[in-house]
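Throughout, a chain's letter reflects where its sequence line sits, starting with A, and its residues are numbered from 1.
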2 protein chains.
Amino acid sequence: MKRSPTMKDVAREAGVSVMTVSRAFKDDASVGEKTREKIRKTADGLGYVFDVTAANLRSQRSDFVAVTIPSLNNANFAATVVALTTKLSDAGYQVLLGHTNYDMDKEEALIRQFLRRRPEAIVVTGGHHTDAARKLLSESGVPVIETWDAPPDPIGHVVGFSNAATMDLVVDHLVSLGRKNIAFMGGDADSDTRGRDRRAGFLAAMARHRLQARRLVGSGAPQKAMHEGARAMGHLLEAYPDTDALICVSDLVGFGALSECQRRGIDVPAQIAMAGFGAYDISEVCVPNLTTVDPMPTKIGESAAGLVLQLLKDPTAKGNVMITPTLRLAQSTGV
Amino acid sequence: MKRSPTMKDVAREAGVSVMTVSRAFKDDASVGEKTREKIRKTADGLGYVFDVTAANLRSQRSDFVAVTIPSLNNANFAATVVALTTKLSDAGYQVLLGHTNYDMDKEEALIRQFLRRRPEAIVVTGGHHTDAARKLLSESGVPVIETWDAPPDPIGHVVGFSNAATMDLVVDHLVSLGRKNIAFMGGDADSDTRGRDRRAGFLAAMARHRLQARRLVGSGAPQKAMHEGARAMGHLLEAYPDTDALICVSDLVGFGALSECQRRGIDVPAQIAMAGFGAYDISEVCVPNLTTVDPMPTKIGESAAGLVLQLLKDPTAKGNVMITPTLRLAQSTGV
DNA sequence: TGCATTTATGTTATCGTTAACAAATCTTGT
DNA sequence: ACAAGATTTGTTAACGATAACATAAATGCA
């Protein structure tokens, strides 16, 4: 197989200098209209494909934006990435996507790997990282954006919300319905830092209402959320049979719990009101529909992309974006 | 902000040549143990980060493997990508992931964009592409692997299965239960080529059993599967009230349909037996559990990665991998 | 010890593109 | 028609690494 053609080949064939070919491939450059046309045609004829790697090396711009998320298979992270990718690729950037599988060491390894490609910005999910990862990020000389959480000690910029504060919305709602024996399911897995933050928010909100918050059941790692939700519901009913409301760390756990109620003939919301988190599709389809919190994943992605673009124009720009999640009431809390 | 250090800086600081530094960063190269140690230490001290772009340009190897999938937020595609990424990154490759949103023009644009980075292999989902995309792929001089479908006219290599053939499994099962008025939901969206293939398979299987296959209802684009499944169930019940079995293009559509049955008090499986496709988590959690087909997404990813690695060693290697999906029986068909 | 062999390090040119500067060509107004 | 400015094209060197080849240092063995 023969070597693929370079600008040099195109230049020779078209009878111009290499530099003119280079310019012809940039939209804004000054090249005569008929010269450009000839070059385009010659390039097509030769099957020339522009080599971004060489361009990057010379111009010292990688066009990469590195992005890490905990899991690919999550409607919310996916929505954020879709929004982010759309906006960034429209602006000519290439997203380098990595998933950590909720493992902070994996995240560190990914960051290390991505930095070797000289990304122009790094967008990470969450504010919890290994010490080494924090160091890598802050010393990278590249804009860093933490999304989804509003960490107490940000590395660079933040586009997120307070997971803890969202629990106020849910607890207030359940309390306003007269529920008092409110349980929380999930938030026990070390790896799911957002879940832990939500549980902490639940505890704080309950304390604010002077309600006992001892009804806590684990649901394990987020990867098995639905199954674990069903299992955990069994535990909850045995341990705290007088529970009259349940907040789940996610809609997926919530759906597992809901289906277990269905199996056992427990009436939701009459006996137990139930709320999830994440506004997953399933919350609007399951029976009963699940009250949930919409964390605005697309808005997070769009804002993060906007911030990246702004920072690439002006690295000194300040800009943290706070997102305001909304409570979506549905049948599972009797609305 | 000062320029980040290069090998030259490390070499000067460590009192060796640039080439020695370069070798010290490759594991297998011959460098004295104490020299290597000194270089490592100097590099760390300077905060040196290896520049993969430059290395790629010189060595004419990108370490990239381009991968396109229809949607990020899909448990099956995600599982394939996870398996693929894990295996390839262990071997030192970087996956460039792009999602097409089930749009073939978007896929073409992605491929065009990826080729400019000189990937060492390209893995695409499905066997349906624009003509231009097919041309790009086949002329790229890079190994091409089509996954998830077994296309009639492959571009290069294939790791997949016959969507149509999987429907034989499901139809045979339902017929063996004595069901005759079998409906199919989905497969109507142009963009969902796999769904279309499944519907075609359904029609073929019904013909083989000499059964009428006019009970077809659309469920629209896969992005809204759950909602559309619920809506479509309404249509089905109105149009074909004597339906005694339903095959859905995916478990997500199936769950939508199932929840609509629950709302209307229709007994599944007594009145209507129901089967989905994809072995999504939800199929094992919903009530009743959903009979489904497991398309072995992880196996697809692993096999595709294995094939990529093999092809990179020996580009002339032949190798198509056929995956055999399995039927998973559950309560929704009365098992 | 001395010479062949292995191991460790150095030198030079280059991957394919673009920044920076230089030169040539084309406009335009008088 | 011609100077002055605007537009288009060309030349040279460089981005940061490595392949290929050359040489120096270390080792083995008679």
Side-chain angles (χ1 to χ4, degrees), chain A residues 2-40 42-43 46-64 92 94 113 115-120 141, chain B residues 2-40 42-43 46-64 92 94 113 115-120 141:
Chain A
K2 62 176 183 303
R3 190 183 50 81
S4 58
T6 71
M7 277 192 179
K8 209 158 147 186
D9 301 313
V10 177
R12 186 181 330 104
E13 186 86 4
V16 295
S17 73
V18 178
M19 197 59 225
T20 302
V21 177
S22 172
R23 281 191 273 250
F25 278 91
K26 317 222 139 268
D27 292 337
D28 57 330
S30 56
V31 180
E33 204 39 64
K34 66 178 195 286
T35 314
R36 162 174 267 136
E37 196 47 46
K38 183 173 56 181
I39 290 172
R40 279 263 149 86
T42 313
L46 292 176
Y48 169 72
V49 176
F50 186 90
D51 188 326
V52 184
T53 302
N56 286 346
L57 175 60
R58 172 63 238 229
S59 60
Q60 297 292 83
R61 306 185 55 247
S62 71
D63 291 343
F64 279 127
Q94 168 70 53
Q113 185 183 324
L115 284 175
R116 293 159 53 107
R117 304 251 174 205
R118 300 282 186 275
E120 314 218 14
Chain B
K2 64 176 181 304
R3 191 181 51 83
S4 59
T6 70
M7 277 195 179
K8 208 157 147 187
D9 302 313
V10 177
R12 187 183 326 105
E13 186 86 2
V16 294
S17 73
V18 180
M19 197 61 225
T20 303
V21 177
S22 173
R23 281 192 272 252
F25 277 91
K26 319 222 138 266
D27 293 337
D28 57 330
S30 59
V31 180
E33 205 39 65
K34 64 178 195 286
T35 315
R36 163 173 265 137
E37 196 47 46
K38 183 174 57 180
I39 290 172
R40 278 264 148 86
T42 314
L46 291 176
Y48 170 72
V49 176
F50 186 90
D51 188 326
V52 184
T53 303
N56 285 347
L57 175 60
R58 172 64 239 230
S59 60
Q60 297 292 84
R61 304 186 55 246
S62 70
D63 291 344
F64 279 128
Q94 168 70 53
Q113 185 183 324
L115 284 176
R116 293 158 52 106
R117 304 252 174 204
R118 299 282 185 274
E120 314 219 14

Among [options], the one nearest [X] by side-chain distance:
X	options	value
Ser17(A)	dA17(D), dA19(D), dG10(D)	dG10(D)
Ser30(A)	dT9(D), dA19(C), dT17(C)	dT9(D)
Met19(B)	dA20(D), dA17(D), dG16(C)	dA20(D)
Thr20(A)	dA17(D), dC15(C), dG10(D)	dG10(D)
Leu57(B)	dG16(C), dT18(C), dA17(D)	dG16(C)

Worksheet item: For the base of dG10(C), is there a side-chain donor-acceptor partner from Arg23(B) under 3.5 Å away?
Response: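 Indeed there is one.
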Worksheet entry | Any N/O donor-acceptor pair, Arg58(A) side-chain to dG16(D) base, under 3.5 Å |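 When only heavy-atom distances are counted, Arg58(A) does not reach the base of dG16(D) through any donor-acceptor pair under 3.5 Å.
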Rounded to the nearest Å, what distance is computed from the [atom1] atom of residue [X] to the [atom2] atom of nucleotide [N]?
X	N	atom1	atom2	result
Phe50(B)	dA17(D)	CZ	C1'	7 Å
Asp51(B)	dC15(D)	CG	P	12 Å
Ile39(A)	dT9(D)	CD1	C1'	10 Å
Met7(A)	dA19(C)	CE	P	11 Å
Asp63(A)	dC15(D)	CG	C1'	15 Å
Asn56(B)	dG16(D)	CG	C1'	11 Å
Arg61(A)	dG16(D)	CZ	P	15 Å
Arg116(B)	dT17(C)	CZ	C1'	12 Å

Fill in: Check: Gln94(B) side chain, Phe64(B) main-chain N or O, donor-acceptor pair, under 3.5 Å
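It does not hold such a pair.
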Heavy atoms under 4.0 Å, any strand shown: does [X] hit a base, just sugar-phosphate, or nothing?
X	result
Phe25(A)	nothing
Val16(A)	sugar-phosphate
Thr53(B)	nothing

Would you say a side-chain N or O of [X] is under 4.0 Å from OP1 or OP2 of [N]?
X	N	value
Thr35(A)	dT9(D)	yes
Thr6(A)	dG16(C)	no
Lys8(B)	dA17(D)	no
Gln60(B)	dG16(C)	yes

Worksheet item: Does the pair Val16(A) and Ile39(A) meet the rule for a side chain to side chain contact (heavy atoms under 4.5 Å, CB included), with working shown?
Response: CA-CA 9 Å; Val16(A) 295; Ile39(A) 290 172; 4.0 Å; yes
Discussion item. Within 45 degrees of the ring normal and closer than 6.0 Å to the centroid, is that where the cationic atom of Arg40(B) sits relative to Phe25(B)?
Written reply: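 Yes, a cation-pi geometry.
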Discussion item. Let's go through Thr6(A) and Asp9(A) carefully: what are the C-alpha distance in whole Å and the side-chain angles of both, what is the deciding distance for side chain to side chain contact (heavy atoms under 4.5 Å, CB included) to 0.1 Å, and is it a yes or a no?
Written reply: CA-CA 5 Å; Thr6(A) 71; Asp9(A) 301 313; 3.5 Å; yes
Fill in: Interatomic distance, Thr20(B) atom OG1 to Lys38(B) atom NZ [nearest 0.5 angstrom]
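The NZ atom of Lys38(B) is 9.5 Å from OG1 of Thr20(B), to the nearest 0.5 Å.
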Discussion item. So, applying side chain to side chain contact (heavy atoms under 4.5 Å, CB included) with Val52(A), which one of Gln113(B), Arg118(B), Arg117(B) is it?
Written reply: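 Going through Gln113(B), Arg118(B), Arg117(B) one by one, the side chain to side chain contact (heavy atoms under 4.5 Å, CB included) with Val52(A) is satisfied by Arg117(B) alone.
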